[in-house]
Amino acid sequence: MPLVSMRQLLDEAAKGGYGVGAFNVNDMEQIQAIMMAARQTKSPVIVQASRGARAFAEDLYLFKLIQAAAELNPDIPIAMHQDHGNSFETCKSAIALGYTSVMMDGSLKEDGKTPSTFDENVEVTRRVVDYAHERGVTVEGEIGVLGGVEDGHGAGGTGLEHITDPDQAVEFAERTGVDALAIAIGTSHGAYKFTKKPDGSVLKMDVLIAIHKRLPHTHLVMHGSSSVPKELQDIVNEYGGKLKQTWGVPIEEIQLGIRNGVRKVNVDTDNRLAMTGAIRKVLWTQPEKFDPRDYMKPAREAMAKVVADRMTEFGQAGHAGDYKPIPITEIAEGYKSGKLDTRPSVTAK
Ligand code: G3H
Ligand code: 13P
Ligand code: ZN
């Protein structure tokens with residue numbers, strides 16, 4: 001089946017009361033791992049590529065691999081999403097390639113590091129929404145700033161410095177018309193999110209719930225949502241890795257989010273850990289091996305297991321066949337007619 005609108009995936013998830021994992025990819029094995037898990041659990045799925053991933057894979061390689069995934073898995077709805085677009089041009093280039101969804105992360109300036117002003121964020125996000133919706137493409141915006149830095153992207157610091165203000169979230173949703181809204185509730189990108197199991201002082205689920213109460217029809221997005229399980233850290237360290245002990249976002253907190261409007265859950269780090277642990281294990285225990293397939297196959301399997309677990313935990317498992325994909329041209333009509341308008345002043349009526 002052709003790539004599907006992320007908006008349709010999220011609307012269906014809202015109807016079913018579940019969340020959809022959005023998994024980052026950089027190469028063929030990661031795409032295959034996601035599709036193995038999606039087939040096994042019968043899940044619709046969001047595959048996403050950061051700017052770093054697009055550069056690493058020379059754009060076209062990655063996009064053709066996603067098309068191959070769609071062709072090989074006709075029963076699985078797949079949305080292809082630009083993760084953390086830093087500018088109008090980045091989003092435009094993803095749309096030109098055929099991505100069905102883009103994130104305009106206007107919470108940071110184009111350098112991907114410096115927090116922007118609210119008005120700058122609104123302006124660039126609105127511009128992307130106009131351009132993308134005309135073409136039937138979904139837009140995710142971000143209000144508030146996550147902690148951490150990944151591949152040069154991020155404001156750094158802890159996740160507590162720029163928590164989303166619920167009033168601003170409402171104004172942002174109204175002024176931009178985004179399809180999905182990423183909010184900052186204390187999480188960070190990468191492995192080092194929390195120094196102990198997080199409680200309400202560092203992971204602000206109360207803020208998420210307050211935003212959902214104010215924006216009951218807006219699809220919320222949780223970034224930095226890897227759980228960083230101890231078992232995955234231990235495998236990396238057992239075979240020569242040097243990770244400091246750390247805590248991620250507990251699955252039960254993500255599930256609480258899903259009960260309160262979270263429809264897209266971003267996971268990258270857990271998959272990185274799973275693959276790295278599996279590769280380290282082969283190279284450490286069988287130092288005579290040098291065929292990449294000897295370690296990429298276990299790495300792919302380890303990632304598929306994490307993805308399948310998340311698909312089950314987020315509730316998307318079993319929902320791949322629930323609906324027929326709406327062609328992107330028809331989605332564009334829906335935006336044009338106002339049927340897909342997400343602004344709170346419209347959805348509140
Ligand atoms: O946003 C963070 C994702 O984990 C992607 O990371 O920019 O290193 O590819 P990346
Ligand atoms: P993690 O680093 O927690 O996996 O977050 C990934 C993410 O938010 C990608 O946008
Ligand atoms: Zn992110």
Side-chain angles (χ1 to χ4, degrees), residues 6 19-27 30-31 33-34 45-59 62 79-87 90-91 94 99 101-108 111-113 115 140-156 158-159 162 164 180-194 198 202-203 208 220-229 232-233 236 243 246-251 253-254 257 262-276 303 306-307 309-310 313-314:
M6 188 172 87
V20 184
F23 303 103
N24 287 76
V25 295
N26 301 267
D27 60 23
Q30 291 180 315
I31 294 169
I34 294 169
V45 68
I46 300 166
V47 178
Q48 60 186 10
S50 66
R51 281 189 297 140
R54 286 178 59 189
F56 172 78
E58 293 179 53
D59 247 348
L62 201 58
M80 183 61 203
H81 176 76
Q82 163 78 58
D83 190 24
H84 292 286
N86 64 324
S87 65
T90 298
C91 295
Y99 283 45
S101 179
V102 293
M103 175 186 194
M104 178 60 236
D105 181 358
S107 71
L108 300 173
D111 66 6
K113 292 180 175 57
E140 173 186 339
E142 176 165 325
I143 181 81
V145 183
L146 264 76
V149 179
E150 284 288 285
D151 201 15
H153 180 99
T158 75
H162 304 277
T164 306
L181 183 62
I183 55 172
I185 53 166
T187 65
S188 302
H189 288 115
Y192 300 104
K193 302 182 194 299
F194 304 110
V202 287
L203 180 59
L208 185 148
L220 300 180
V221 183
M222 277 175 74
H223 280 246
S225 289
S226 278
S227 300
V228 199
L232 293 182
Q233 298 177 45
V236 171
L243 294 172
T246 176
W247 277 262
V249 184
I251 297 293
E253 302 290 354
I254 297 173
V262 171
R263 297 293 158 235
K264 175 172 181 273
V265 187
N266 283 19
V267 175
D268 186 358
T269 297
D270 284 352
N271 293 323
R272 292 177 173 188
L273 289 172
M275 290 187 86
T276 298
M303 173 163 161
V306 171
V307 173
D309 286 350
R310 296 295 172 273
E313 289 153 352
F314 300 162

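For the numbers below, each heavy atom of this structure counts, side chains included, while hydrogens, waters and symmetry mates do not. When a residue number appears, it is its place in the shown sequence, counting from 1. Counting starts at 1 for both ligands and their atoms, in listed order.
- Below 3.5 Å of separation, one finds no N or O of N26 facing any N or O of ligand 1.
- Contact atoms of ligand 2 toward H223: 8 (O), 10 (O) (distance under 4.0 Å to a heavy atom of the residue).
- Of the listed residues (R272, H84, H189), the one carrying the non-hydrogen atom nearest atom 10 (P) of ligand 1 is R272.
- For the atom pair OG (S225) and CG (N266), the distance works out to 6.5 Å, reported to the nearest 0.5 Å.
- At a 4.0 Å heavy-atom cut-off, ligand 2 touches D268 through backbone and side chain alike.
- Geometrically, ligand 2 and S188 share no nitrogen or oxygen pair separated by less than 3.5 Å.
- Within the structure, ligand 2 has K193 among the residues with a heavy atom less than 4.0 angstrom away.
- Vertex the Zn ion (ligand 3); arms to H84 NE2 and H189 NE2; angle rounded to 10 degrees, 100°.
- The shortest N or O to N or O distance between N266 and ligand 2 is under 3.5 Å.
- Side-chain contact check for Q82 and R51: no donor-acceptor pair (N or O, by modelled atom type) lies under 3.5 Å.
- Relative to the ring axis of F314, R263 does not place its NZ or CZ within 45° and under 6.0 Å from the centre.
- H223 contributes atom ND1 as its closest N/O/S atom to the Zn ion (ligand 3).
- At least one N or O atom of G224 sits closer than 3.5 Å to an N or O atom of ligand 2.
- When each atom of ligand 2 is checked for a heavy atom of D83 under 4.0 Å away, the hits are 9 (C), 10 (O).
- Here the closest heavy-atom approach between residue A184 and residue G144 is recorded as CB-C, 3.8 Å.
- Here is the list of ligand 2 atoms found below 4.0 Å of a heavy atom in V267: 4 (O).
- The closest side-chain heavy-atom distance from V45 to F23 is below 4.5 Å.
- At least one side-chain heavy atom of S227 sits less than 4.5 Å from a side-chain heavy atom of R310.
- Only the side chain of D83 comes within 4.0 Å of ligand 1, judged by heavy-atom distances.
- Ligand 1 does not have G52 within reach: every non-hydrogen atom of the residue lies 4.0 Å or more from it.
- Counting atoms of ligand 1 from 1 in the listed order, those under 4.0 Å from a heavy atom of N24 are 3 (C), 5 (C).
- Counting heavy atoms closer than 4.0 Å to ligand 2, residue A22 contributes nothing at all.
- Using modelled atom types, no side-chain atom of K264 and backbone atom of V221 make a donor-acceptor pair closer than 3.5 Å.
- D270 places a side-chain N or O within donor-acceptor distance of the main-chain N or O of V228, the cut-off being under 3.5 Å.
- A distance-only check finds no donor-acceptor pair linking the side chain of S107 to the backbone of E142 [under 3.5 Å].
- Contacts with ligand 2 closer than 4.0 Å are made by side-chain heavy atoms of N24 only, the backbone lying farther away.
- If you check the side chains of E140 and H84, you find no donor sitting under 3.5 Å from an acceptor.
- Annotation: side chain of N24 is not in contact with side chain of N271 (no heavy-atom distance under 4.5 Å).
- Taking CG of L232 as the start and OG1 of T276 as the end, the distance is 10.0 Å to the nearest 0.5 Å.
- Inclusion of D268 in the set of residues having an N or O under 3.5 Å from an N or O of ligand 1 is warranted.
- The ligand atoms of ligand 2 that sit less than 4.0 angstrom from a heavy atom of H84 are 10 (O).
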